[in-house]
Protein chains: 2
Amino acid sequence: MSETETTSILVIDDHPLFRKGVADLIAMDPGLRLVGEAADGESGVSLAQALAPDLVLLDLNMKGMDGLQTLKVLKSGEFDARVIMLTVSDSEDDVVGALRAGADGYLLKDMEPEEILAQLEEARQGRVVISDRLTELLARALREDSRPRSVAESGLTERESEILKMLARGYSNKVIARELDIAEGTIKVHVKHILKKLKLRSRVEAAVWAVDQGHR
Amino acid sequence: MSETETTSILVIDDHPLFRKGVADLIAMDPGLRLVGEAADGESGVSLAQALAPDLVLLDLNMKGMDGLQTLKVLKSGEFDARVIMLTVSDSEDDVVGALRAGADGYLLKDMEPEEILAQLEEARQGRVVISDRLTELLARALREDSRPRSVAESGLTERESEILKMLARGYSNKVIARELDIAEGTIKVHVKHILKKLKLRSRVEAAVWAVDQGHR
DNA sequence: ATCGGATTACCACCAAATGAGTAACTGGAG
DNA sequence: CTCCAGTTACTCATTTGGTGGTAATCCGAT
């Protein structure tokens with residue numbers, strides 16, 4: 001097996017133990033070859049330039065230049081290395097931020113080792129790999145992305161805005177109906193339309209959104 | 001106690017027409033006697049001192065010294081007149097504000113005349129009278145009053161706070177269960193306890209409360 | 001060492017609330 | 001006249017909230 005058949009990998013992570021773990025893992029797969037390690041973003045970028053690895057495994061939480069910044073630098077340069085985030089954070093902000101910044105994958109450190117190897121293989125073939133646990137979160141983020149940012153552009157009618165405000169006070173359909181002196185069924189129709197227009201799935205989400213928006 | 005069996009009444013309202021209406025109404029009841037009228041808070045207070053009426057009917061929205069201020073002055077002095085708010089405002093702030101300031105009653109101007117007379121009779125007997133329409137609102141205000149102002153004093157456990165945060169993101173029980181990897185039934189129990197501890201009635205109220213509290 | 005509480009997790013059952021879908025009527029604006 | 005906002009009514013499946021339990025664990029006080 002010639003050296004060009006294997007996938008060269010650079011690991012950037014400030015945790016020595018974790019780098020060791022990854023090194024062992026990579027050693028288990030004859031198709032992968034660890035060509036360098038870096039403990040921080042700066043040296044990671046230098047190494048990436050010097051070694052031109054096929055894949056970069058990048059941690060998010062590092063002291064100094066953090067993972068996201070490092071990612072941006074790596075992606076801004078003239079490397080064509082694929083960068084896979086390998087981190088513990090499953091927070092929406094981190095995941096979405098990394099993917100928006102051009103990450104080619106986002107894997108969680110708590111994945112099974114075999115699973116990680118399988119995903120790295122996928123990544124080498126040019127696939128974007130993402131931990132299963134995050135797909136749902138990702139779907140939500142995308143939905144929220146397309147969500148209107150204000151009542152103005154949400155296309156809500158007068159009546160619907162009025163009812164949304166009441167939702168934001170925690171009122172039930174019954175209470176709203178009594179308050180506006182119309183049938184409860186009508187409220188349900190309005191709420192349904194509000195959810196559709198705002199691309200939300202429940203009155204709770206609508207209430208939270210409205211409160212965030214400052215609709216008191 | 002005294003020479004007259006009738007109840008003396010002072011009306012303070014900046015609306016001449018409305019004072020006229022009240023005067024006519026009072027004239028219909030032989031047990032009531034209108035002893036004075038005032039168009040603003042200042043003269044109302046003077047008249048109250050001079051006439052020492054049994055009841056004062058006080059409007060809330062008046063130019064100059066408004067109804068609430070007038071009420072406070074009346075209640076701070078050495079009068080023992082009972083003050084009944086008679087106004088159009090059914091807003092929670094007004095109602096709660098007036099009652100907190102010591103109002104002995106809160107009646108709405110859109111009540112039926114006979115109903116108003118009946119309530120004035122109740123008031124004369126020392127009862128606190130409040131328009132039926134407002135009782136629900138009042139109950140809510142009281143509940144909110146006794147509501148804990150922070151998670152700290154709410155007595156929520158770690159787990160409950162954790163779940164409350166998820167409620168504040170609009171998550172359903174099912175999603176929370178998957179996220180925490182415990183049974184959905186368990187989430188329901190936790191939510192029940194949260195509602196009980198926070199004295200709330202639905203997850204929507206809990207979510208709104210949490211967001212207001214800044215629990216992101 | 002044992003008792004009692006607090007916490008966490010689980011269960012089943014039931015009533016009410018919610019959300020989705022479909023259909024239809026009205027009144028006003030264009 | 002047509003379109004739209006608002007209204008009502010009717011199903012249906014799902015979700016939620018409440019009741020009333022059981023049980024394991026941990027911790028502090030007796």
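The analysis underlying the following values was restricted to heavy atoms, covering all of them including side chains, and did not include hydrogens, waters or symmetry mates. Nothing here was measured: the structure is a model prediction, and the numbers come from that model. In what follows, chains carry the letters A, B, and so on, assigned in the order in which the sequence lines appear, proteins first and then strands, with residues in each chain numbered from 1.
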Choose from C:dT8, D:dT8, D:dG6 the nucleotide whose nearest atom is closest to any side-chain atom of A:R159. D:dG6
Quick note, B:K197 side chain, CB onward, closest among D:dT8, C:dT7, C:dC10 is C:dT7
Using a cut-off of less than 4.0 Å, is there contact between a side-chain N or O of A:T186 and OP1 or OP2 of D:dG6? no
Rounded to whole Å, the CD-P distance (A:E160 to D:dA5) equals 8 Å
Summary of protein contacts for nucleotides 13-18 of chain D, nucleotide by nucleotide, where a base hit scores B, a sugar-phosphate-only hit scores S (4.0 Å, heavy atoms): --SBBS
For the pair made of CD in A:E162 and C1' in D:dT7, what is the distance, rounded to whole Å? 14 Å
Can you give me the bend angle of the helix from C:dA1-D:dT30 to C:dG30-D:dC1? Use the axis through the first five pairs and the one through the last five, nearest 10 degrees. 40°
For A:S8 and A:V35, indicate whether the former's side chain and the latter's backbone hold a donor-acceptor pair under 3.5 Å. no
Could you state the NE2-C1' distance from B:H193 to C:dT8, rounded to the nearest angstrom? 10 Å
Closer than 4.0 angstrom, basic N to acidic O: yes or no for B:K109 and B:D59? yes
Does any N or O in the side chain of A:E160 come within less than 3.5 Å of the main-chain N or O of A:T157, such that one atom is a donor and the other an acceptor? yes
Treating B:R203 as the side-chain partner and B:Y171 as the backbone partner, does any N or O pair qualify as donor plus acceptor under 3.5 Å? yes
Looking at B:E37, is its backbone amide N or carbonyl O close enough to the side chain of B:R19 to form a donor-acceptor pair, meaning the two atoms are under 3.5 Å apart? no
Cationic N near anionic O, under 4.0 Å, A:K165 to A:E162: no
With salt bridge (charged side-chain N to carboxylate O under 4.0 Å, His left out) as the criterion, how do A:D54 and A:R33 come out once you've worked through the C-alpha distance, each side chain's angles and the decisive distance to 0.1 Å? CA-CA 10 Å; A:D54 297 319; A:R33 183 170 39 99; 5.6 Å; no
N-O pairing of B:K75 and B:D104 below 4.0 Å: yes
Let me know, please, whether A:V189 or B:E158 comes out on the 5' side of the other along DNA chain C by nearest nucleotide. B:E158
Rounded distance (Å) that lies between atom P of D:dT7 and atom CD1 of A:I187: 8 Å
Could you list the residues that satisfy side-chain contact (heavy atoms from CB on, under 4.5 Å) with A:A183, not counting sequence neighbours? A:T186
Is the phosphate of C:dT8, meaning OP1 or OP2, less than 4.0 Å from a side-chain N or O of B:H190? no
B:I194 has an atom CD1; how far is it from atom P of C:dT7, in whole Å? 13 Å
Could you state the atom-to-atom distance from CD1 of B:I163 to C1' of C:dA9 in whole Å? 10 Å
